[in-house]
Colleague: 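My questions all concern the structure below.
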Amino acid sequence: MKNSSTIRSVAAAVIAAAGVSFAGSAHADSGTISFSVYKAAFFVGGTGGEGTLTFHGRRYPITVGGISGGLAFGASKTNFHGTVRHIRRAQDVTGVYGAAGGGGALGKGAQMIVMTNEKGAELELSGKQVGLQVNADLSGIAITVK
């Protein structure tokens with residue numbers, strides 16, 4: 001008899017915890033993001049740009065900046081567009097996003113990347129790149145919602 005009471009208590013606690021977890025993720029939302037990034041590198045590179053986050057029908061200006069290190073050289077401009085997920089408010093997009101990879105473009109090229117910041121915001125981006133850029137590096141970008 002005592003065991004069935006304990007089992008019911010544990011089951012209720014598990015269901016309650018699952019409900020809280022589901023409710024927390026159910027309130028997360030998504031938006032769209034677009035920005036242009038200029039990158040120049042000779043082993044150490046710098047990235048800068050600006051764009052717009054659209055969230056709940058409102059547009060927020062953003063700035064983008066970052067550094068990269070490794071085998072990298074060239075200069076390019078990439079116009080990114082995509083989706084940002086798992087945010088509750090526009091400021092959740094602010095943060096540092098990291099990536100490791102490689103690629104290159106001579107003239108025109110395409111890129112696709114998925115990155116996450118420390119708040120859990122996930123960017124799924126595709127972009128068109130113009131310029132000469134060769135890289136096999138570790139890079140990161142910081143996005144700030146103004």
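Throughout, residue positions are numbered sequentially from 1 according to the sequence presented.
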Colleague: S36: what forms a side-chain hydrogen bond (donor to acceptor under 3.5 Å, both in side chains) with it, not counting sequence neighbours?
Modeller: N79
Colleague: Do the side chains of T52 and Y60 get nearer than 4.5 Å, heavy atoms only?
Modeller: no
Colleague: Apply side-chain hydrogen bond (donor to acceptor under 3.5 Å, both in side chains) to H81 and list each qualifying residue two or more places apart in sequence or on a separate chain.
Modeller: S34
Colleague: List for me each residue that meets side-chain contact (heavy atoms from CB on, under 4.5 Å) alongside T144, sequence neighbours excluded, and say none if there are none.
Modeller: T63
Colleague: State which residues pass ring-ring contact (aromatic ring centres under 6.0 Å, His included) with F55; sequence neighbours excluded, sorted by chain then number.
Modeller: none
Colleague: Under the rule for side-chain contact (heavy atoms from CB on, under 4.5 Å), what residues qualify as partners of D92, not counting sequence neighbours?
Modeller: I87, R88, R89, K119
Colleague: Between T32 (side chain only) and T83 (backbone N and O only), is there a donor and an acceptor less than 3.5 Å apart?
Modeller: no
Colleague: State, yes or no, whether a side-chain contact exists between H56 and D29 at a heavy-atom distance under 4.5 Å.
Modeller: yes
Colleague: Does V64 reach the side chain of E50, with side-chain heavy atoms less than 4.5 Å apart?
Modeller: no
Colleague: Could you measure the distance from the OG1 atom of T47 to the OH atom of Y38? Nearest 0.5 Å is fine.
Modeller: 12.5 Å
Colleague: Do the non-hydrogen side-chain atoms of M115 and L125 ever get within less than 4.5 Å of each other?
Modeller: yes
Colleague: Which one of T54, I62, V145 satisfies the side-chain contact (heavy atoms from CB on, under 4.5 Å) criterion with I33?
Modeller: I62
Colleague: Which residues pass the salt bridge (charged side-chain N to carboxylate O under 4.0 Å, His left out) test with E124, not counting sequence neighbours?
Modeller: R85
Colleague: Before giving the answer on side-chain contact (heavy atoms from CB on, under 4.5 Å), spell out for K39 and T78 the whole-Å C-alpha distance, their side-chain angles and the decisive distance to 0.1 Å.
Modeller: CA-CA 8 Å; K39 184 174 184 179; T78 307; over 6 Å; no
